[in-house]
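Have a look at the structure below, then the notes.
Order of appearance sets the numbers: ligands from 1, and atoms from 1 within every ligand. In what follows, residues are counted from 1 in the order of the sequence shown.
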Amino acid sequence: MSKEAAPAPVTPERTTPSIAPDGLGRGLFAATDINPGQDVLHISIPFVAVLDTHQLGEVCSGCLGRRQLENDDRRLKGCTGCQIVKYCDRTCQAKDWKFAHSLECAIFQKLRPRILPINARAVLRMALRSERQKYPPQEVELFRQLETHIKDIREENPAQWQRISISSKAVKAYSGVEMKEEVISAYGAKLELNSFNLTNALYDRIGLYLHPYAALMNHSCDYNAVVGFDGDELYVKAIRPIAQGDQIFISYVDTTNPRPLRQKELRERYYFRCRCTRCEQPGDEGNDEQGPTDSAAAETQAYALLSRTSSDSSSDLTPHLPAPNDLATDISTVLQNLPPTRITTQPYVSLRDELIAALLARQRYKAAFAHAAVRYLRIDPAVYPREIHPIRLVHAWALARLAVLLSQGVEVTHGGEDEVALERFEVNFSLVLWEVLRRLVALEGRSCAVPGFQGLVGGLFGQVQAEFAAAGLDPRRMEGQIREEFGKVGRLVEWILDGKV
Ligand SMILES: C[S@@+](CC[C@H](N)C(=O)[O-])C[C@H]1O[C@@H](n2cnc3c(N)ncnc32)[C@H](O)[C@@H]1O
């Protein structure tokens, strides 16, 4: 029996597990009709949630960054024992100490300055908590039944199996748990097959998350639900109407990618061939819109650039990454020469995201705003037709944050042609900001973003409204001017797409 009489950590009343048709194993099914934006599932206590190694010094291991996002100035304090994990304050520290850090702190100390890789830290936590009977029995049972695909891993990816085996040896040696090494390896395989990217309220990856109930959800490239995190709480929200009895499908991979890429990733990472309605539909071989053959070179170049920019933690130490400025120039060159039908297809959608990131890194806020506006007005409505899609909301937030900086007349460090040229559109960034936030606030209640995101939007909108009021203005009565400002932003977007920058 569990020693912790924990409150029920899962609220599955809207879902029920069952055997899924078509050989998908088990799945989760809607126990009731669920409207877009409503919670399908909310889990307040993870089975395990761990930060990426490079985030350990930046993100609080107690609230997993939730309080930091609410208050930018929060300084973290290191654990005085291991000095590896950091916290906002004693409250966050006490929470993590009680959950698992009390079991692992001495192990981290002994290993210092080495830090166990993320998967090993996750397996260590699960093994230690299991052995101390810290998990509720129903979670233990669900975890026991999770798929491992160990046979597939051993046959198809010996390097992955070797990684899991080495990691389980290390966990066994450092933790001193009684568990057999094979059992620890199965934990490792379960983690690889069933974990989610842990993201913050702005959907940036910060680590790994696993809960055996949430892991019951199967994949479809034509998904009906989306996953998000607010600190260590998991939210699954309906992205379209789900009828009672329907299977809940999420996407395990970036479904904006063409079918061959999606299938490759699903095969290599999850060991199945996707037969969802989208994958089975003829004519989805590549991007929905095939570009002319002469764009093949651009495509190759775009994928090469993307592989150099991958924000995946494994690429952190990749040597010879181009300086962000060169990167921005290289990406701009590829994007400038695209036929209009290609801008809303991959790999160019991701490439523009990387361009915006590279411009931000160089503090080239005006150029970043221009490309964020292209994304907001042209790319996202085509790529994510549902305006409540969390990625679309986060992109709107990015545009709003850039408008804040520009409305404050932030120092432009780069006096390049594009920055100077953008000046001539004379955009009133405050009004654009107000309108982008107003639209975000209007979606609340049916949006698929997590509560923390909605809190950030609401907070900023309140501030912006107060600033307008202090200046004696009410943007609700400035519809004509707002339309005019969006006209300017539209012309700026045309100008970018005409390859003028
Ligand atoms: C996270 S688990 C999902 C729950 C799983 N069906 C079970 O019974 O435990 C992921 C595994 O489910 C199966 N799966 C998920 N989505 C699938 C799909 N669309 N087609 C075929 N198999 C799928 C694959 O075996 C995959 O490795």
Would you call the rings of [X] and [Y] parallel, tilted or perpendicular if under 30° counts as parallel and over 60° as perpendicular?
X: F229; Y: Y209; result: tilted
X: Y235; Y: H42; result: parallel
X: F47; Y: F143; result: parallel

Could you tell me whether [X] and [Y] make a salt bridge, using a distance below 4.0 angstrom between a side-chain N and a carboxylate O?
X: R125; Y: D96; answer: yes
X: E70; Y: R67; answer: no
X: R240; Y: D222; answer: yes
X: E156; Y: R267; answer: yes
X: R66; Y: E233; answer: yes

query = What is the closest protein heavy atom to atom 20 (N) of ligand 1, and at what distance does it sit?
reply = F272 CD1, 3.3 Å
query = What is the nearest protein non-hydrogen atom to atom 10 (C) of ligand 1, stated with its residue, atom name and distance?
reply = Y252 OH, 3.4 Å
Find all atoms of ligand 1 within a distance of less than 4.0 Å from any non-hydrogen atom belonging to [X], and give their numbers and elements.
X: N218; result: 3 (C), 4 (C), 5 (C), 6 (N), 12 (O), 13 (C), 14 (N), 15 (C), 16 (N)
X: Y270; result: 26 (C), 27 (O)
X: L216; result: 4 (C)
X: H219; result: 15 (C), 16 (N), 18 (C), 19 (N)
X: L193; result: 1 (C), 27 (O)

query = With sequence neighbours left out, what residues match N157 under side chain to side chain contact (heavy atoms under 4.5 Å, CB included)?
reply = A159, Q160, Y271
key: Side-chain H-bond candidate by donor/acceptor type, Q346 with T256, under 3.5 Å   = yes
Is the closest heavy atom of [X] to ligand 1 under 4.0 Å?
X: Q145; result: no
X: C276; result: no
X: E147; result: yes
X: N194; result: yes

Output yes when the distance from some N or O of ligand 1 to some N or O of [X] is under 3.5 Å, and no in every other case.
X: Y271; result: no
X: R273; result: no
X: G25; result: no
X: R26; result: yes

ask   = Below 4.5 Å, heavy atoms only, C-beta onward: do L76 and C88 meet side chain to side chain?
value = yes
remark   = Any heavy atom of M217 under 4.0 Å from ligand 1? The part involved is backbone
task = Could you tell me whether F249 approaches ligand 1 through its side chain, its backbone, both or neither, with non-hydrogen atoms closer than 4.0 Å?
result = neither
ask   = If you measure from atom 4 (C) of ligand 1 to every heavy atom of A214, S220, A215, which option wins on shortest distance?
value = A215
